[in-house]
2 protein chains.
Amino acid sequence: MNHFAMYGKLTARPGQRDALADILLEAADLLKSNNDCYLYIVNVSDDDPNAVYVTELWKDADAHAASLENEEVLASIQRGRPLIIGAEPIKLRALGGKGL
Amino acid sequence: MNHFAMYGKLTARPGQRDALADILLEAADLLKSNNDCYLYIVNVSDDDPNAVYVTELWKDADAHAASLENEEVLASIQRGRPLIIGAEPIKLRALGGKGL
């Protein structure tokens, strides 16, 4: 059974990337107690000053979906939403490798 | 100090995705003994039947570059190269989160 992985590219309003990254890092803290969430890493790119990339890896797609119903996670998403002007998720199936 | 992360999208020749994924999974095995390599996860996408995505996370860019000089890793790259018709790396800086 392949785990659910996702690269989430979020484009922030100009000047709001770091504020958005901070909110996503708080969401990552909330997910530390979620055993079905294996990875939630917040990245930035030197090639795109407004982009934040979240590397996600979950037990399965259901676990990912369920996390979006968690009140605290929802609250942080609500706080981040005004800062976001674009979202490009790439949904993947993790086959294996180091760190899985 | 941010760790070096990368999403490596590789496009395989039609019908060669799984063969390429197998070679990359072997490379992942080789990297299990490399303490500077934190993640090397091989993924596929249901949205693109010819794509393989590698999620990488390294201590730093130098550690990533050094790995490309390892003979065994080079050999697996050589075996994979004929199967690859496109490569789109997205280089990132990992700020933090779960799994880092």
Side-chain angles (χ1 to χ4, degrees), chain A residues 2-10 17-49 51-59 61 63-64 67 73 76 88-100, chain B residues 2-10 17-49 51-59 61 63-64 67 73 76 88-100:
Chain A
N2 304 140
H3 294 302
F4 174 78
M6 188 162 79
Y7 300 160
K9 177 183 177 181
L10 298 172
R17 182 197 68 181
D18 294 344
L20 177 58
D22 287 345
I23 291 171
L24 293 165
L25 285 167
E26 284 167 28
D29 278 344
L30 295 174
L31 291 168
K32 283 188 173 160
S33 56
N34 184 329
N35 294 328
D36 292 338
C37 173
Y38 304 145
L39 294 176
Y40 193 95
I41 297 175
V42 180
N43 309 272
V44 293
S45 163
D46 292 334
D47 302 326
D48 184 343
V52 180
Y53 291 79
V54 185
T55 307
E56 298 190 45
L57 182 64
W58 295 79
K59 178 183 165 197
H64 172 251
S67 76
V73 170
S76 68
E88 300 162 59
I90 298 177
K91 296 185 178 180
L92 304 169
R93 282 187 291 119
L95 301 180
K98 180 170 186 177
L100 179 58
Chain B
N2 303 139
H3 294 301
F4 173 80
M6 188 162 79
Y7 301 159
K9 177 184 178 181
L10 299 171
R17 180 197 70 181
D18 294 343
L20 177 57
D22 288 344
I23 290 171
L24 293 165
L25 286 167
E26 285 168 26
D29 278 343
L30 294 175
L31 292 168
K32 284 189 171 157
S33 56
N34 183 331
N35 293 328
D36 291 340
C37 173
Y38 304 145
L39 293 177
Y40 192 95
I41 298 174
V42 180
N43 308 272
V44 293
S45 163
D46 292 335
D47 302 324
D48 184 342
V52 180
Y53 292 79
V54 184
T55 307
E56 298 189 44
L57 182 63
W58 295 80
K59 178 183 165 197
H64 173 251
S67 76
V73 170
S76 67
E88 300 161 60
I90 298 176
K91 296 184 178 179
L92 304 169
R93 282 186 292 119
L95 301 180
K98 180 171 185 176
L100 180 57

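Chain identifiers are assigned alphabetically (A, B, ...) following the order of the sequence lines, protein sequences preceding nucleic acid strands; residue numbering begins at 1 within each chain. Values below: all heavy atoms of this structure, side chains included; hydrogens, waters and symmetry mates excluded.
Residues satisfying the salt bridge (charged side-chain N to carboxylate O under 4.0 Å, His left out) criterion with Lys98(A), sequence neighbours excluded, are absent altogether. Ile23(A) is linked by a side-chain contact (heavy atoms from CB on, under 4.5 Å) to Ser76(A), Arg79(A), Leu83(A), counting only residues two or more places apart in sequence or in another chain. Asp18(A) is linked by a salt bridge (charged side-chain N to carboxylate O under 4.0 Å, His left out) to nothing, counting only residues two or more places apart in sequence or in another chain.
Residues of residues 36-44 of chain A placed with any heavy atom under 4.5 Å of a heavy atom in chain B are listed by number as Cys37(A), Tyr38(A), Leu39(A), Tyr40(A), Ile41(A), Val42(A), Asn43(A), Val44(A).
In terms of heavy-atom pairs under 4.5 Å with chain B, the best-connected choice from Ala28(A), Gly96(A), Ser45(A) is Gly96(A).
Here the shortest heavy-atom pairing between Leu25(B) and Gly97(A) reads CD2-N, 3.7 Å. The minimum heavy-atom distance between Thr55(A) and Tyr7(B), with the atom names listed, is OG1-OH, 2.6 Å.
Classification of Asp46(A) and Arg93(B) as a salt-bridged pair holds, one side-chain N sitting under 4.0 Å from a carboxylate O.
Interface remark: Ile90(B) contributes side-chain atoms only to the contact with chain A (heavy atom separation under 4.5 Å). Using a 4.5 Å cut-off between heavy atoms, Leu57(A) touches chain B through its side chain atoms alone. With a threshold of 4.5 angstrom between heavy atoms, Val52(B) does not approach chain A through any atom at all.
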